[in-house]
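Report on one structure; see the data block that follows.
In the text below, chain A, chain B and the rest are named by the order of the sequence lines, each starting its count at 1.
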Amino acid sequence: MSQNENNSFTYSQVTNDVVRMLEKPTYKWWALFLPTLGFVGIGMVCFFYQVYTGLGVAGYRHPVFWGVYITNFVFWVGIAHSGTLISAILYLFRARFRMSIYRVSEAMTVFAVLTAGLFPIIHLGRAWNFYWLFPYPNQRELWINFKSPLVWDVFAVSTYLTVSSVFFFVGMIPDIAAVRDKVTAVPRKIIYTILSLGWKGSHWEWLHYSRAYLYFAALATPLVLSVHSVVSWDFAMANVPGWHSTIFAPYFVAGAIFSGLAMVITLTIPLRKIFRLENYITMDNYDGMAKLILFTGGIVTYSYATEILLSWYTGSPFEWGQTYYRMTGPYAPLFWTMIFCNVVAPIPLWFKKYRSNIKVLFIISLLINIGMWFERFNIITMSLSHEFEPGAWGIYKISWVEAGITAGSFAWFFMFFLIFIKTLPAVSIAEIKEILPVPKKGGNK
Amino acid sequence: MSDDNKSGLKRRDFLKLLGVAGTTAAVTGGCSSEPVNQLIPYVIPPDKFIPGIPSYFASTCRECPAGCGLIVKNREGRAIKVEGNPEAPVNMGGTCARGQASLQGLYNPDRIRSPLIYKEETARLAPVGWEKAEKALSDKISTLIEQGKGDRIVYLSNNVSGTFRDLVDKWLKATGGGKHYSYETFSHEPIRKANEILYGKDVIPSYRIENADFVLSFGADFLETWLSPVNFSKGFSKLHTVKNDTTGKVIQVEPRMSVTAASADKWVQIRPGTEMYLALGIANVIINKGWAKANAGLLAGVVSTYTPSKVSTITDVPAETIVQIAKGFSENKSLAIGGGAAYTGSNATQTQVAVNILNHIVGNVGNTVDYSDILMISNLNSYQEIAELVNKMNKGEVEMLIVHNTNPVFTLPPGLKVKEAISKVTDVVSFSSFMDETTELASLIMPDSTFLESWGDYQPTQKYVGIIQPVMSPVFNTKQTGDVLLSVAGNIDSAKGSFEVDNYLDYLKNSWKKVARYVSPGENFDSFWKKTLEKGGVTFHLEPAQVELSPSVMNVEFDEAGFAGNGDMYFITYPSYRFYDGSGANRPWLQELPEALSTSVWDSFVEIHPDTAKKLGVRTGTYVDIKTDQGSIRTQAFVYEGIRPDTIAVPFGLGHKSFGRYAEGRGVNPLDILPASSDSLSGGFTWFSTKANISSNGDYELLVRIQYSETQDDREVAQAVNIKDLPALEQDHEEPPEFYHEREYPTYRWAMAIDLNKCTGCGACVTACFAENNLPVVGKEQVAKRREMHWLRIERYFDKDTEGKLETKFLPMLCQQCGNAPCEPVCPVYATYHNQEGLNGMVYNRCVGTRYCSNNCTYKVRRFNWFTYKFPEPLNWQLNPDVTVRTKGVMEKCTFCVQRIKYAEDIAKDNNSIVKDGDMMTACQQACATEAITFGNLLEEGSMVNELSKNKRGYKVLKEINTKPAITYLKKVKWDKV
């Protein structure tokens, strides 16, 4: 925010602007929410149908045993990471441009992890036994297999969910208190009172709060790198050509942040317009995010190039066969879409002219997310289709059940997000106030 | 082993009286009226019967005229698995896919479950009791006899020999002198006629492939359906055993690459219909080069005009190839065979004469061609005789047609108008077990029990008679035809006194008393009978036959093959090794067994060369219309180089219009477009007699196959070695450095060796695996989604040989039970683990279905239960109680038949010992007719598998991935020139 704008802001104005977002939802909100609920319902019906009839209703075909569900899983876990990056890592780096968007990003993280966490259950053949992946004491004295990357996933994702949720909630306490003070309607006031945990805004509360926030940020930071590395090892630890590559951990982490930032942009651009937050979420924020996108996009492009070059360089018929198949086989259109969306589409962001153009940013962010979804689909299904044994090659075709559940999962995420923007402060009141100039004595409150 | 089952039945009835409802109902089949819904163990089991311990009964297979000996496993009153009888000389322990699938004939849900009689009032068939049905038949016959029309009864059956043939003949005499016709779809008349011309013997001899080093086959698919395929597979196995860096050789002369041609050492792609000229050309070379050993002088004149250059022009076979074949044929212990049904054309007899000449001049007669042990199908009625029968029916001269184990409406060409003719017969009686096209026309159906539920005998060749005994009591309310005939005769006044006994078992025993007196005089009959039942049959000692060349061979005119119609393409139809003459089409295992070369399942297809396909604008899967003067059929194309550009081929056996849910409305029947013509000399049906036109309107549908990739690219999973490289060959023993400790196996390390030089792709192992391990059949739609449940699959790879011609490699691929299994570390719940005997264990109950194990499997041998598959009653009676039946959501894969391993270990433990080589066999190993699969304990010094794993031809598939598989494959041996 520029100096000039600062002068027109007062503390109370900030609070009012944010609390205004929490007013009774208009028909516009309901017009979005009800269809979202509808799709969640469709997703649930599809899922129960799948559990009842058998996994055969999904589109799997030997030898492609993982498909859209795991793609969705990795996609959502990836998106979650950039939220933590913005709220935790950029906090430690004291990046100014994170202030107004970090709350939305963190919310996105929590909801993305909640969405991602659905898929390891959905894709199971015997989904009702999903709890066997947890090490719980049982009469048969059975342990889980700690060597399996799927078990590492269980730990990684549940840790991430726990830490992010606590981080998210604790960070919001002062803001919830601000909302509590503004709100008068009785049921809401009670809820906010409970959630604000009796925050009074005293000096020692602020001291402990900022210490706690710092420690949580420090705790969440390594998770950004480790969780998606662990998820990438689901693939890298297998011997499948196209999966078995040491570059996967940094590749996936960079890709995660890449797609997550794009998702933040996709979510905040409409949010900003609808709630008239243009003064809070400014082009500076987008400028910073766009530069991060270029950085992580560069790593992703480098990873593609490395994979392709090295698969040729190894001389292994399996590796090169896989790469060639991706580029020219039945899925080639998806491969090239991915290359276009991830490598070519972000190029305009090198130019300030496009970085400051809201429409361009929005389109590019959508393309990046499409590209990243296809990247995961690429890696999973194309590698499995064309492995070692020519007698066992086969392709994958998505089925209506999978499409229904995928749509349902996007709706599930969106449902949480819509509820969030109407119930919790979507912009951080406290932090924005921190950067406003201190009011002169006798001036505005 | 076996028991006199009749007394077993009595004990089971006794149990029924005790009120042991559940399992007894399974045993007594339809006799019991109590519902089967409780598992009640035997309170007092019958003697020698311990629940959990199987009983084995020797019997003889009746799925085709070969008559292989079987040992059938019975658990708690149900037949659950078929194995070959090692003591039967026909098959010596081997089986074929159809023999394995005979259980699905026994338990087929579309079987006729009780007698049916046509009711005028409702114009439909209605179930009726046996007494009424037999009375209806005996009344009808009595009427006919009174009217003096007893000789207008016709008994039309498949090939029957031994006691039953005797019974039918006597029965027909007793009922007024009717006629018995034995009809098989493939009756090989040209072979018989050619032998009559050369030697004055109207017979089919035994071909001893096991005594040969060089087999020259003119279109005879001896590894698939020709005469006695399991016997020939055993011979092939011996021939193809690598000894002293060399093997025997098979040359297959055929316009298309059949499964037999795929296993041959050289495939000669001859112009269709010219095999005769090639044989004469080879004989010409042999005689002219002085390589002949017998009657060269006499026959020189017959073959003199067929010089290599002339023959080469006619046949498209290069002249030097002809000379090379002639050289190999005369230098080695050779055998020439011909007469595959597919190439039986108008000159079929002359072709066979030429083949006989070849055998004669190098002295094969008495060595590899044995006229002392003739095949009993030599006594079949020829196609011409059957056509005359149809004519008689048309003229109304047949009052009663009794059909038994044959389906002429399906297997005879429509030009004969069989259906109309049969409709003119006053009474059609069928003993069929299934509602097939012929039985639909019957007014009285008295379903025969299948051979697994009946008494009888069968004589495939003169040397051996196999016993047929019931393995279990009938599943449905069926009665064996022998009993029915005797009972019906008993109700007819004029026939009453003709038979001394009233049931077929006694009749059989009486007949065998004569055999006993001949084979082992002085022995008590009961002990002889018991021994025979245990052994499965008796072998006779035969005097060697003397044959003399007849001068009538000089009068044979070697005419060109004639083709009807003026189409562009030669049209071949060949008997399918899965369906034979169509009788296998209602067995789901056979429908889901992929055809070895196209890997197509559940449907027909037409083989088209790529050049032809390009001209037509079709690719694999496009619908093609094939038109001849007789009609048109429409099926999907399979485009590959295994057929000539001027030829197309459609397998025979599908295209049923009835015959149950698995066969009905599936595929096309190529007979629909064949003319009803016969070979004038022998009277045999000419399968190869017309040319066709093909066209396409471009309609496309996926041709459902198990495997879509055709080549190995550069991956070398199925490997071969050239015979000249064999002496210097060494196994690649290089091992990468290990990071972890070597795994230690205390007692057993189960391993397998598969000899690719012996595997013929016949699929018996695949079918046996389905039977043993309760594998579900998923149906065409699911196979289209690549969800077939084949634990063991035969991969097929096309390659080019040194001359640039197509060659095929088969690779049986199953779980390699890797020492360093990639599937084990990735399962999150430890559902798959490595056990102390080297097996990769699969715990169905623990599997959650994440499917990571399959993603990591290098060989992609793991299968997932996408649904809970159903086994429609009574197919579920066949399920093996030792193996879990899996529900949806669970991974499964080959376990090296761990249930058999455990069973053998239990027995060994009781004997204070360990399982030794030969104590147990896996299902696939036991079924394989060529003994390509060897299984055993790698740690046992001197075991077969230990020796083979060190064989210089041995290699491991995808060794470089370092999975340390337990299966050693032995490279196929290629001959670089003839």
Mind ranking [options] by heavy-atom pairs under 4.5 Å with chain A and telling me who comes out on top?
{"options": "B/Met813, B/Arg786, B/Gln712", "result": "B/Arg786"}
{"options": "B/Pro822, B/Cys827, B/Cys857", "result": "B/Cys827"}
{"options": "B/Thr711, B/Thr963, B/Val957, B/Thr858", "result": "B/Thr858"}
{"options": "B/Asn856, B/Asp714, B/Ile706", "result": "B/Asn856"}
{"options": "B/Glu710, B/Gln707, B/Lys785, B/Met891", "result": "B/Lys785"}
{"options": "B/Thr599, B/Leu958, B/Val826, B/Val848", "result": "B/Val848"}

Check whether [X] gets within reach of chain B through its side chain, its backbone, both or neither, counting any heavy atom under 4.5 Å.
{"X": "A/Tyr52", "answer": "backbone"}
{"X": "A/Trp128", "answer": "side chain"}
{"X": "A/Phe318", "answer": "both"}
{"X": "A/Phe235", "answer": "backbone"}
{"X": "A/Tyr396", "answer": "neither"}
{"X": "A/Val57", "answer": "both"}

With no hydrogens and no angle check, just 3.5 Å: does a side-chain donor-acceptor pair link [X] and [Y]?
{"X": "A/Ser245", "Y": "A/Tyr251", "value": "no"}
{"X": "A/Arg326", "Y": "A/Ser383", "value": "yes"}
{"X": "B/Thr620", "Y": "B/Arg705", "value": "no"}
{"X": "B/Thr832", "Y": "B/Asn840", "value": "yes"}
{"X": "A/Trp233", "Y": "A/Asp153", "value": "no"}
{"X": "B/Gln816", "Y": "B/Tyr969", "value": "yes"}

Answer with side chain, backbone, both or neither: which region of [X] has an atom nearer than 4.5 Å to a non-hydrogen atom of chain A?
{"X": "B/Gln782", "result": "neither"}
{"X": "B/Arg846", "result": "both"}
{"X": "B/Tyr797", "result": "side chain"}

- Please name the pair of heavy atoms, one in B/Leu756 and one in B/Phe810, separated by the smallest distance, quoted to 0.1 Å.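 It is CD2-O, 3.4 Å.
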- Query: Hey, mind stepping through B/Glu788 and B/Arg863 against salt bridge (Lys or Arg N to Asp or Glu O under 4.0 Å) and telling me if it holds?
  - Reply: CA-CA 8 Å; B/Glu788 67 278 0; B/Arg863 301 281 159 184; 3.4 Å; yes
- Should we count CD of B/Glu960 as having more than 12 external heavy atoms under 6.0 Å? yes
- Message: Would B/Arg851 and A/Tyr60 count as a cation-pi pair here, with the cationic atom under 6.0 angstrom from the ring centre and within 45° of the axis?
- Response: yes
- Query: A/His123, A/His62, A/Lys147, A/Lys397: which one forms the most heavy-atom pairs within less than 4.5 Å of chain B?
  - Reply: A/His62
- Note on the structure: Answer key: most heavy-atom pairs under 4.5 Å with chain B among A/Ala58, A/Gly394, A/Pro390 is A/Pro390
- Centres of the A/Tyr49 and A/Trp400 rings: under 6.0 Å? yes
